[in-house]
Q: 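Quick one: structure below, then a few questions.
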Amino acid sequence: MAFSRISLVVLLLFIITVHVVESRSVLGDIVMNNGRSLLQYPPQLNCNSACQTRCSRNWRYKMCLKMCGACCSKCSCVPPGTGQDTRNVCPCYDKMRNPHGQLKCP
C-alpha cells in the first residue's frame, strides 16, 4: 500500500516536471518577438525628432511643433512624412480635434 502511494506521488511529480519543461519552451517561442519580450513596454517614441520631421515643410513651423508635440505626448504616435495622406496611420492623432472642431494635430 505504501509502495503504491510513493510510486503515485513520484509519477505525479514526473508528469508535472515534464509539463513545466514543455510549457517553458512553448512560452519562450511565444514571448520573444524580434529578440524582445512581448511583455516589455514598447520602445518610447522621441516626440521631438518625430515632430521636427513631420513639421519640416510646414509654413508655421513653431506652431506645428507645439501642436504635434501635444498630440504625440497624448497618442505616442506621429504619422510618417509631412503630408496629410499618412494621418490614418495613427488613429488617435488623426481624430483629435480642437474646440472649434478642426483637426488639432498637424
Q: Under the disulfide (SG to SG under 2.5 Å) rule, what do C92 and C77 come out as? Steps first, then yes or no, please.
A: CA-CA 8 Å; C92 170; C77 182; over 6 Å; no

Q: Donor-acceptor pairs under 3.5 angstrom involving side-chain atoms of residues 67-75: please list them, not counting sequence neighbours.
A:
from : atom 1 : to  : atom 2 : distance (Å)
S73  : OG     : G69 : O      : 3.3
S73  : OG     : A70 : O      : 2.9

Q: Would you list the atom pairs, donor with acceptor, under 3.5 Å between side chains in residues 95-106 and any protein atom, with sequence neighbours excluded?
A:
from : atom 1 : to   : atom 2 : distance (Å)
R97  : NH1    : G101 : O      : 3.4
N98  : OD1    : H100 : N      : 2.9
N98  : OD1    : G101 : N      : 3.0
N98  : OD1    : Q102 : N      : 2.9
N98  : ND2    : Q102 : OE1    : 3.2

Q: Applying salt bridge (Lys or Arg N to Asp or Glu O under 4.0 Å), name anything that partners R87, two or more places apart in sequence or on another chain.
A: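 For R87 the salt bridge (Lys or Arg N to Asp or Glu O under 4.0 Å) partners, ignoring immediate neighbours, are D94.
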
Q: With side-chain hydrogen bond (donor to acceptor under 3.5 Å, both in side chains) as the rule and sequence neighbours excluded, what pairs involving residues 45-60 come up?
A: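 Matches after skipping sequence neighbours: R54-T86.
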
Q: Between V78 and L45, what is the shortest heavy-atom contact and its length?
A: N-CD2, 3.9 Å

Q: Should the SG-SG distance of C55 and C64 be recorded as below 2.5 Å?
A: yes

Q: Under a single-linkage rule joining Ile, Leu, Val, Met, Phe, Trp and Tyr whose side-chain heavy atoms are separated by less than 4.5 Å, which residues share a cluster with Y61?
A: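 When side chains under 4.5 Å apart are linked, the cluster holding Y61 also contains L65.
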
